[in-house]
Number of protein chains: 2
Amino acid sequence: MQIVFKALNDEVRREILELLKSKDLSAGEIADHFNLGKPTISHHLDLLRQAELVSCRKQGQFVIYSIETSVMDEVLKWMMGFREKHSKEQNKNIKNQTI
Amino acid sequence: MQIVFKALNDEVRREILELLKSKDLSAGEIADHFNLGKPTISHHLDLLRQAELVSCRKQGQFVIYSIETSVMDEVLKWMMGFREKHSKEQNKNIKNQTI
DNA sequence: TAGATATTTCGACAAATATCGAATTAATAT
DNA sequence: ATATTAATTCGATATTTGTCGAAATATCTA
């Protein structure tokens, strides 16, 4: 859990996840979306991979990254746990919705 | 969003939220659950308050903290956004559940 | 008013983090 | 083979973060 929140605690990494939501991308393609050095992006990708928020496969000289959503489900479950006990007048929007 | 993830990116702060899930607590009561100085806990509570994950009210000499769940809903929504496009064989557990 | 209790603010410091450029590894192409 | 392209690893650095003890603030009580 710690490692997931750590991975999510950075605007660049969250934006990388948004990019990968649409389609898989190579490390270089991801780097092109930011004004940051490639080593920096590589490091961010490493953290995302450690958290298992992304996976990667080698395709020739490229490394293709994909988003992985199962870990997010864990976080979702954890967060939903807070909306059980203490819900008074809140949860009007999400409760009783099917996701 | 940044400030919320920042607040959640700490085991102590997440544990504080767990404590407050059951019932409202004073700053001192919260501090008693940890092997940390009161200034440290006060600082953690400040970050949680900045993220609006908790609120507090003064009751005499005490400061009582409550959990606030509406911000979590925002994060929940953000996270659920990732489970739309890219869902292949994943989301077996949560999808089609009512929360 | 004086003293006790609850909490926060302040100043300092060690550890963690994001970033960079240079060097390295791996694959492709000429 | 050699040069080129893609990506990572390495070493360094500035910033952020968690922690502490001491001091300050606020409230209660005798």
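So you know, we letter chains A, B, ... as the sequences are listed, proteins then strands, and number each from 1.
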S.K.: Test: salt bridge (charged side-chain N to carboxylate O under 4.0 Å, His left out). Region: residues 41-52 of chain A. Which pairs qualify, not counting sequence neighbours?
M.R.: A:D46-A:R49
S.K.: Ignoring backbone atoms, establish whether B:S26 has a side-chain N or O less than 4.0 Å from OP1 or OP2 of C:dA6.
M.R.: no
S.K.: Going by the rule salt bridge (charged side-chain N to carboxylate O under 4.0 Å, His left out), which residues pair with A:E18 if we only count those two or more places apart in sequence or in a different chain?
M.R.: A:K21
S.K.: Out of curiosity, A:C56 SG to A:L25 CG, how far, rounded to the nearest 0.5 Å?
M.R.: 13.0 Å
S.K.: With sequence neighbours excluded, what pairs up with B:A51 under the side chain to side chain contact (heavy atoms under 4.5 Å, CB included) test?
M.R.: B:I3, B:V4, B:A7, B:L53
S.K.: Taking side-chain hydrogen bond (donor to acceptor under 3.5 Å, both in side chains) as the definition, give me every residue that meets it alongside A:N9, ordered by chain and number, with sequence neighbours left out.
M.R.: B:Q2
S.K.: Roughly, in whole Å, what's the span from CD1 in A:I16 to C1' in D:dA7?
M.R.: 14 Å
S.K.: Which pairs count as side-chain hydrogen bond (donor to acceptor under 3.5 Å, both in side chains) when at least one residue sits in residues 28-37 of chain A, sequence neighbours excluded?
M.R.: A:S26-A:E29
S.K.: Between residues 5-12 of chain A and DNA chain C, which residues have a heavy-atom gap below 4.0 Å?
M.R.: A:K6, A:D10
S.K.: In the 5'-to-3' direction, what one-character label does each nucleotide of nucleotides 24-30 of chain D receive under the scheme B = base within less than 4.0 Å of a protein heavy atom, S = sugar-phosphate only, - = no such atom?
M.R.: --SBS--
S.K.: Could you tell me how far apart A:E29 (CD) and D:dT5 (P) are, to the nearest whole angstrom?
M.R.: 17 Å
S.K.: Sequence neighbours left out, what pairs pass ring-ring contact (aromatic ring centres under 6.0 Å, His included) with at least one residue falling in residues 3-30 of chain B?
M.R.: B:F5-B:W78
S.K.: Identify, with sequence neighbours excluded, every residue that meets salt bridge (charged side-chain N to carboxylate O under 4.0 Å, His left out) alongside B:R14.
M.R.: B:E11
S.K.: OP1 or OP2 of C:dA6 versus the side-chain N and O atoms of B:Y65: is any pair under 4.0 Å?
M.R.: no
S.K.: Does A:T40 have any side chain to side chain contact (heavy atoms under 4.5 Å, CB included) partners at least two apart in sequence or in another chain, and if so, which?
M.R.: A:L36, A:H44
S.K.: Please give me every residue in residues 30-57 of chain A whose heavy atoms get under 4.0 Å of an atom in DNA chain C, ordered by residue number.
M.R.: A:N35, A:L36, A:G37, A:P39, A:T40, A:H43, A:H44, A:L47
S.K.: Holding to side chain to side chain contact (heavy atoms under 4.5 Å, CB included), I want the full list of residues that pass it with A:S55, two or more places apart in sequence or in another chain.
M.R.: A:S66, A:E68
